[in-house]
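Structure first, commentary second.
This structure is a prediction, so every number in the text was calculated from the model and none was measured. Just so you know, residue 1 is the first one in the sequence shown, and it goes up from there. Only heavy atoms go into these numbers, but all of them, side chains included; no hydrogens, no water, no symmetry mates. Indexing begins at 1, ligand by ligand and atom by atom, following the structure's order.
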Amino acid sequence: MVYVIVDLEATCWETRENRANETIEIGAVCIGNEGKWVDEFDTFVKPVTHPVLSEFCTQLTSITQEMVDDAPLFPEALDDFQQWINNCANGDQYVLCSWGYYDRVQFKNDCLLHNLPTQWLASHISLKHQYADIKNMRRPIGMKKALQKEGLFLSGTHHRGIDDAKNIADIFLIYQDFWTMPPNN
Ligand code: AMP
Ligand code: MG
């Protein structure tokens, strides 16, 4: 079993208007069988429904218009990501791990928008919810708070997919014997 810690960034607006959010970055870290960091993946993605990023989105994520203008569309970016997962898994099974369910929902929405299969998302866990259970907390907390709780520094830039994924991986590694994997694995 390999663990793919993934974090997405998406188009967004200050007012959280009811617009269709699309992925603009896929950041991920692969942790191998032995519970060690194996590799990392990062790509920007060019959104199609609202191709112009809001100022709010660039401020939040530090992702600029040029970064997404030069990026592949979602189908190509996803293909790259899946190839990277397959390389990392090397015939083994993988489980997608993210801080909350948001990333899985966002992936699913992008797949539906581009008429792509969603079956590859079936094996997924929310580290955020499991962390709350492990720590006997009444409700889940954000990644930043969890890092503080663990005495870890938030490295890199918060709300950049690859940096968020690396920070989440730091938490993952501390509790690697405690995560509950999906029943089908
Ligand atoms: P995160 O992984 O926390 O960086 O968030 C993933 C995505 O959720 C961001 O790229 C935004 O699309 C959206 N998001 C996060 N925080 C906010 C916020 N405060 N307001 C609006 N959208 C947000
Ligand atoms: Mg993020």
Q | Donor on one side chain, acceptor on other, Thr61 and Glu9, under 3.5 Å | A | no

Q.
Looking only at side-chain N and O atoms, does Ser98 offer a donor or acceptor that is under 3.5 Å from a partner on Asp7?
A. no

Q: Take the angle between the ring planes of Phe81 and Trp84 and call it parallel below 30°, perpendicular above 60°, tilted in between.
A: parallel

Q. Per the side chain to side chain donor-acceptor pair (under 3.5 Å) rule, which among Asp110, Asp103, Asn109 passes with Gln106?
A. Asp110

(Q) Tell me every residue that passes salt bridge (Lys or Arg N to Asp or Glu O under 4.0 Å) with Glu76, counting only those two or more places apart in sequence or in another chain. (A) none

Q) How would you list, by chain and number, every residue that makes a disulfide (SG to SG under 2.5 Å) with Cys97, sequence neighbours excluded? A) none

Q | Total protein N, O or S atoms, the Mg ion (ligand 2), separation less than 2.8 Å | A | 3

Q | Minimum side-chain heavy-atom gap Tyr131-Lys149 below 4.5 Å | A | yes

(Q) Is the shortest side-chain heavy-atom distance between Phe107 and Ile26 below 4.5 Å? (A) yes

Q. Applying a heavy-atom distance cut-off of 4.0 Å, which protein residues contact ligand 1?
A. Asp7, Leu8, Glu9, Ala10, Thr11, Cys12, Arg16, Phe56, Leu60, Thr61, Tyr102, His159, Asp164

Q: State whether the SG distance for the cysteine pair Cys57/Cys12 is less than 2.5 Å.
A: no

